[in-house]
Novice: 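Encoded as structure tokens, here's the structure I'll be asking about.
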There are 2 protein chains.
Amino acid sequence: MAELKDKLILVVDDEARMVNFMRMNLELEGARVASASNGREALEHAREDMPDVVLLDIMMPGMDGFETLRRLRQFSQVPVLILTAKSEEDDRVRGLELGADDYIAKPFSHRELVSRIRAVLRRHYAAPPVPQTMVKVDERLSIDFARREVLVAGQRVNLRPTEYRLLYHLVQNAGYVQTHEMLLTKVWGPEYREESHYLRLYITYLRQKIEEDPAKPKYILTERGVGYRFVDFENKA
Amino acid sequence: MAELKDKLILVVDDEARMVNFMRMNLELEGARVASASNGREALEHAREDMPDVVLLDIMMPGMDGFETLRRLRQFSQVPVLILTAKSEEDDRVRGLELGADDYIAKPFSHRELVSRIRAVLRRHYAAPPVPQTMVKVDERLSIDFARREVLVAGQRVNLRPTEYRLLYHLVQNAGYVQTHEMLLTKVWGPEYREESHYLRLYITYLRQKIEEDPAKPKYILTERGVGYRFVDFENKA
DNA sequence: TCCGCGTGTCAGATTATTTGACAAGCGCGT
DNA sequence: ACGCGCTTGTCAAATAATCTGACACGCGGA
């Protein structure tokens, strides 16, 4: 399990209260915290301190979070979580497209903050470089991608080719939101980027086949305005 | 264009006449030739001399070509061309599965020998590590894989998803034979390895769409008993 | 030359994908 | 708390792709 202990986390936000709130929460978990109140400082810190994770506020005066992220990505692959207002769905999509790893919507709880950071750390430092075959999600659901076999409550369910590819991409990124565009691009091809219709339909099909109650999905979660996220089944703490 | 000049070619054959024949042909092209008459010697040479290409006879007393290839592949990625009797189609398939890059059927001409070696060198030393998008095969046929557009004699032809994937894998390996199994695995998935029926059908579809005369294919060539080969359109010398 | 196996082709059966229309639900502003 | 608008979810029919099975063809080996 990925631990926050002794990890260096760079918090970037122009509001001192928010920085303090996060610092408190993160230090409670044993993490070290560096902070910056604008984009320029953030880039300096990122270069010099080599943080393990960056928490980046989008709404900042001067160089905003997007621009900061874009420049950061020119020299660093450090995992980045962006902080957005609850309602700003477009900001999340844009951030993810610029290379953010995930987002946290303000306001957020201690639990949410820590769990997202853990997930991102796990992927970056413990992630298998080879794609997973044979995934056991929980007692009810397991998938063998090499054999194209999906077992739900002991029963084999038959997935169609597109359903299969969609599930594959969702599960390979379990715990991470995948935007509509990402999924459409990977499953149907780049020329389908705008056709979110297809995606909704195939999400429905998949849920009907693998969810216990398709109306209350436990595996394939909707991220309104952004995309879908397969449940973070490896991070149950 | 890949050149044989000054390249070191390791020829492995137990028949001295064959070795001499190849040495003569290769030195005419300015290549340097090392030779071995059995598997053990071949492995030694491969380790110590770092040849640019290996020509490996399959039928040898003692350690045969397959075993030699298997052991060679444990420590080296050097391109290997296997030499097989005209009729031994199974040998070719087996050799390719063990990691040979191509085969040459005995007896062969100077032209055939040199052209196959050139092709293998081109792929290994000049090959782009990123997959090609936008391929111009000749005046009649060009393909834009990013846009999923195939132009035949100026006309856009519409390929179905499977036809598309099949063409993609053939063209990405233009000049190289792809065994039935390779194509079935890549296009349909590993569980279709035995279903060569599908492959034949889709080869027919593709030829009808891109060949001028589907009965006399110029692009997608049949390698009887082995697989298919997209014409080596970059190596017209 | 003839035979046999691998390859090529066709048309029909089946299955998957796409389309289009509409219902449901969430979250925002009032 | 309420209703509105936009996103998401669902259904069934239309279209398209894939698969099946039968058979013809033709190369290469004996």
Side-chain angles (χ1 to χ4, degrees), chain A residues 84-90 92-93 105-107 148 157-167 177-181 183-184 187-189 191-192 194-211 213-217 219-229, chain B residues 84-90 92-93 105-107 148 157-167 177-181 183-184 187-189 191-192 194-211 213-217 219-229:
Chain A
T84 69
K86 199 103 191 159
S87 61
E88 297 304 318
E89 294 165 348
D90 291 351
R92 299 178 202 163
V93 173
K106 294 186 190 182
R148 306 218 155 200
V157 304
N158 183 37
L159 296 191
R160 297 183 296 189
T162 303
E163 291 167 0
Y164 209 85
R165 289 199 301 282
L166 178 55
L167 181 62
V177 66
Q178 296 285 103
T179 66
H180 300 132
E181 273 129 21
L183 291 168
L184 286 161
V187 175
W188 281 267
E191 67 275 31
Y192 286 76
E194 318 273 276
E195 312 288 332
S196 65
H197 198 129
Y198 294 164
L199 182 54
R200 265 156 46 210
L201 189 55
Y202 273 84
I203 290 284
T204 296
Y205 292 158
L206 265 184
R207 281 176 174 162
Q208 281 172 355
K209 291 189 178 179
I210 68 173
E211 296 281 358
D213 178 0
K216 297 185 177 49
Y219 302 124
I220 300 175
L221 313 176
T222 300
E223 300 270 336
R224 183 165 246 262
V226 181
Y228 296 89
R229 180 194 301 266
Chain B
T84 69
K86 198 102 192 162
S87 62
E88 296 305 318
E89 294 165 347
D90 290 351
R92 297 177 203 164
V93 173
K106 293 185 189 182
R148 307 219 154 197
V157 302
N158 183 37
L159 296 191
R160 298 183 297 191
T162 303
E163 292 167 359
Y164 208 84
R165 290 200 300 282
L166 178 55
L167 181 62
V177 66
Q178 295 286 103
T179 65
H180 299 132
E181 272 132 20
L183 290 167
L184 286 161
V187 175
W188 281 267
E191 68 274 32
Y192 286 76
E194 319 272 275
E195 313 288 332
S196 64
H197 199 126
Y198 294 167
L199 182 55
R200 264 156 47 210
L201 189 57
Y202 274 84
I203 290 284
T204 298
Y205 292 158
L206 264 185
R207 281 175 173 162
Q208 282 171 355
K209 292 187 179 180
I210 68 172
E211 295 282 357
D213 178 359
K216 296 187 179 47
Y219 301 123
I220 301 175
L221 312 177
T222 301
E223 300 268 336
R224 183 166 245 262
V226 181
Y228 297 90
R229 181 194 299 267

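Chain A is the first sequence line, chain B the second, and so forth, proteins listed ahead of strands; every chain is numbered from 1. Here the structure is a predicted model, which means the values were calculated and not measured. Computation of the quantities below employed the complete heavy-atom set of this structure, encompassing side-chain atoms and omitting hydrogens, waters and symmetry-equivalent molecules.
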Novice: Is there side-chain contact between B:Glu181 and B:Val93, with at least one heavy-atom pair below 4.5 Å?
Specialist: yes
Novice: Just verifying a value: how many Å separate B:Tyr228 OH and B:Gln178 CD, rounded to the nearest 0.5 Å?
Specialist: 13.0 Å
Novice: Take atom CG of A:Leu221 and atom C1' of D:dG9, then tell me their distance rounded to the nearest Å.
Specialist: 15 Å
Novice: Reading DNA chain C 5' to 3', which nucleotide is the first, and which the last, to come under 4.0 Å of any heavy atom in chain B?
Specialist: C:dG6 to C:dC10
Novice: State which residues pass salt bridge (Lys or Arg N to Asp or Glu O under 4.0 Å) with B:Arg207; sequence neighbours excluded, sorted by chain then number.
Specialist: none
Novice: Quick check: do B:Glu195 and B:Trp188 have side-chain heavy atoms less than 4.5 Å from each other?
Specialist: no
Novice: Evaluate the side chain to side chain contact (heavy atoms under 4.5 Å, CB included) criterion for residues B:Lys106 and B:Thr84: first the C-alpha distance (whole Å), next the side-chain angles of each, then the deciding distance (0.1 Å), finally the verdict.
Specialist: CA-CA 6 Å; B:Lys106 293 185 189 182; B:Thr84 69; over 6 Å; no
Novice: If you measure from the Lys or Arg side-chain nitrogens to the Asp or Glu carboxylate oxygens, is any gap between B:Arg224 and B:Glu89 under 4.0 Å?
Specialist: no
Novice: Ring pair (Phe, Tyr, Trp, His ring centres under 6.0 Å) with B:Tyr219: which residues, sequence neighbours excluded?
Specialist: none
Novice: Does A:Val177 form a side chain to side chain contact (heavy atoms under 4.5 Å, CB included) with A:Leu221? I'd like the steps, not just the answer.
Specialist: CA-CA 9 Å; A:Val177 66; A:Leu221 313 176; over 6 Å; no
Novice: Take A:Tyr202 and A:Leu183 through the test side chain to side chain contact (heavy atoms under 4.5 Å, CB included) and record every step on the way to the result.
Specialist: CA-CA 11 Å; A:Tyr202 273 84; A:Leu183 291 168; over 6 Å; no
Novice: Is the shortest heavy-atom distance from the side chain of A:Val187 to the side chain of A:Leu199 under 4.5 Å?
Specialist: no
Novice: Students often get this wrong, so: under 4.0 angstrom with heavy atoms, is A:Thr204 touching a base, only sugar-phosphate, or nothing?
Specialist: base
Novice: Do B:Lys209 and B:Arg160 have side chains that approach each other closer than 4.5 Å (heavy atoms only, starting at C-beta)?
Specialist: yes
Novice: Please give, in whole Å, the distance from D:dT18 P to B:Ile203 CD1?
Specialist: 14 Å
Novice: If only side-chain N and O atoms of A:Gln208 are considered, is one of them under 4.0 Å from the OP1 or OP2 phosphate oxygen of D:dC11?
Specialist: yes
Novice: Does any part of the side chain of A:Leu159, heavy atoms only, come nearer than 4.5 Å to the side chain of A:Leu166, both counted from C-beta?
Specialist: no
Novice: Could you run down nucleotides 12-17 of chain D 5' to 3' and tag each one B, S or - for protein heavy-atom contact under 4.0 Å?
Specialist: -----S
Novice: Five pairs per end, C1' atoms only: what is the angle between the end axes of the helix from C:dT1-D:dA30 to C:dT30-D:dA1, to 10 degrees?
Specialist: 40°
Novice: A:Ile220 vs A:Ile210, test: side chain to side chain contact (heavy atoms under 4.5 Å, CB included). Steps then yes/no.
Specialist: CA-CA 9 Å; A:Ile220 300 175; A:Ile210 68 173; 4.0 Å; yes
Novice: Do nucleotides 22-30 of chain D as a string where each nucleotide becomes B, S or -: B if the base has a protein heavy atom under 4.0 Å, S if just the sugar-phosphate does, - if no protein is that close.
Specialist: B---BBSS-
Novice: Taking atom P of D:dC19 as reference, at what distance in whole Å does atom CG of B:Leu184 sit?
Specialist: 11 Å
Novice: Atom CD of B:Glu191 to atom P of D:dT18: distance rounded to whole Å?
Specialist: 15 Å
